[in-house]
Amino acid sequence: FTPGDQVANWGLYTAEPYERSLGISRYDKIISIPDGTANLSLYYLNQPGWTMIFGFPPDINACMDKGAKYIVISDESYLNKPWLLSHRGNLLGQYHGIYFYTLKKSFILSQ
């Protein structure tokens, strides 16, 4: 993964200080969307958590049951996906096209 690749939003390279300014701890679990890799976005954000590698969409409620607190959306085309809208809590901030939200439980089926 290099800056010329179209795998992820470039802002992920430098987003960690901004993420910390929002109050997201290095140890808080996140869900990073979209990311079809095992952990590239998690690596650049320096966070434990989940990506979309093992399912689309990921089972957000199950991730929350395992401690996920935030969702990071690094592609604007995902902001209004119905399966994601029901889980988006408060917008904490935005950095170079990366949106940081709290998570909320949803009783709507993910798909």
Side-chain angles (χ1 to χ4, degrees):
F1 179 59
T2 61
D5 291 338
Q6 294 299 313
V7 174
N9 181 318
W10 275 47
L12 291 169
Y13 285 106
T14 57
E16 185 180 359
Y18 179 76
E19 179 183 27
R20 299 293 171 253
S21 77
L22 298 175
I24 300 173
S25 159
R26 159 67 185 95
Y27 304 101
D28 288 334
K29 294 177 183 175
I30 68 165
I31 300 170
S32 181
I33 294 176
D35 184 351
T37 71
N39 65 2
L40 281 178
S41 62
L42 299 174
Y43 173 80
Y44 285 110
L45 292 169
N46 198 18
Q47 292 298 133
W50 294 267
T51 64
M52 294 169 42
I53 190 170
F54 295 116
F56 184 83
D59 188 339
I60 296 174
N61 283 333
C63 293
M64 291 179 71
D65 289 343
K66 294 176 183 171
K69 292 182 177 183
Y70 304 99
I71 191 158
V72 178
I73 304 170
S74 57
D75 179 339
E76 291 181 353
S77 70
Y78 282 76
L79 289 174
N80 294 312
K81 300 277 186 190
W83 56 268
L84 192 52
L85 279 172
S86 61
H87 291 285
R88 278 188 6 204
N90 296 324
L91 175 65
L92 299 173
Q94 186 261 340
Y95 176 86
H96 296 285
I98 302 167
Y99 297 81
F100 297 85
Y101 287 91
T102 58
L103 275 170
K104 66 180 183 177
K105 282 277 192 175
S106 173
F107 297 101
I108 298 172
L109 293 177
S110 292
Q111 295 186 10

Could you check whether any side-chain N or O of Gln47 sits under 3.5 Å from a backbone N or O of Ser25, counting only pairs where one atom can act as donor and the other as acceptor? yes
Apply side-chain contact (heavy atoms from CB on, under 4.5 Å) to residues Asp75 and Asn9 and explain how you reach the verdict. CA-CA 7 Å; Asp75 179 339; Asn9 181 318; over 6 Å; no
Using the test side-chain hydrogen bond (donor to acceptor under 3.5 Å, both in side chains), find all partners of Ser21 that sit at least two apart in sequence or belong to another chain. none
Tell me, please, which residues at least two apart from Tyr43 pass ring pair (Phe, Tyr, Trp, His ring centres under 6.0 Å). none
Output for pair (Ile31 CD1, Leu103 CG), nearest 0.5 Å, gives 5.0 Å
Say you draw a straight line from OG of Ser74 to CG of Leu45; how long is it, rounded to the nearest 0.5 Å? 8.0 Å
Please, which pairs that meet salt bridge (charged side-chain N to carboxylate O under 4.0 Å, His left out) have at least one residue in residues 24-34, sequence neighbours excluded? Asp28-Lys69
Apply side-chain contact (heavy atoms from CB on, under 4.5 Å) to Glu19 and Leu12, showing your working. CA-CA 10 Å; Glu19 179 183 27; Leu12 291 169; over 6 Å; no
If you apply the rule side chain to side chain donor-acceptor pair (under 3.5 Å), what do you find for Ser41 with Asp35, and how did you get there? CA-CA 7 Å; Ser41 62; Asp35 184 351; 2.5 Å; yes
Start with the C-alpha gap between Ile60 and Trp83, add the side-chain angles, then the distance that decides, and say whether side-chain contact (heavy atoms from CB on, under 4.5 Å) holds. CA-CA 9 Å; Ile60 296 174; Trp83 56 268; 4.2 Å; yes
Results of side chain to side chain contact (heavy atoms under 4.5 Å, CB included) for Asn80 - residues two or more places apart only: Leu85, Arg88
For Tyr95, enumerate each residue passing the side-chain hydrogen bond (donor to acceptor under 3.5 Å, both in side chains) test, keeping only those at least two apart in sequence or located in another chain. Thr14
Residues that Glu16 engages under salt bridge (charged side-chain N to carboxylate O under 4.0 Å, His left out), provided they are two or more places apart: Arg20
Minimum heavy-atom distance Leu84-Tyr78, with the two atoms named: CD2-O, 3.3 Å
What are the two closest non-hydrogen atoms of Ile71 and Ile33, and how far apart are they? CD1-CD1, 3.6 Å
Taking Thr51 for the side chain and Asn39 for the main chain, is one N or O donor matched with an acceptor at less than 3.5 Å? no
Search all heavy atoms of Tyr101 against all heavy atoms of Gly89 and return the closest pair with its distance. CD2-O, 3.6 Å
Please answer whether the main-chain N or O of Leu42 pairs with a side-chain N or O of Ser32 as donor and acceptor at a distance below 3.5 Å. no
Set of side chain to side chain contact (heavy atoms under 4.5 Å, CB included) partners for Gln94, sequence neighbours left out: Tyr99
Considering all heavy atoms, the nearest His87-Asn61 contact: CE1-OD1, 3.2 Å
Residues forming a ring pair (Phe, Tyr, Trp, His ring centres under 6.0 Å) with Phe100, sequence neighbours excluded: Tyr18
Can you tell me how far CG of Asn46 sits from CD1 of Ile24, rounded to the nearest 0.5 angstrom? 12.5 Å
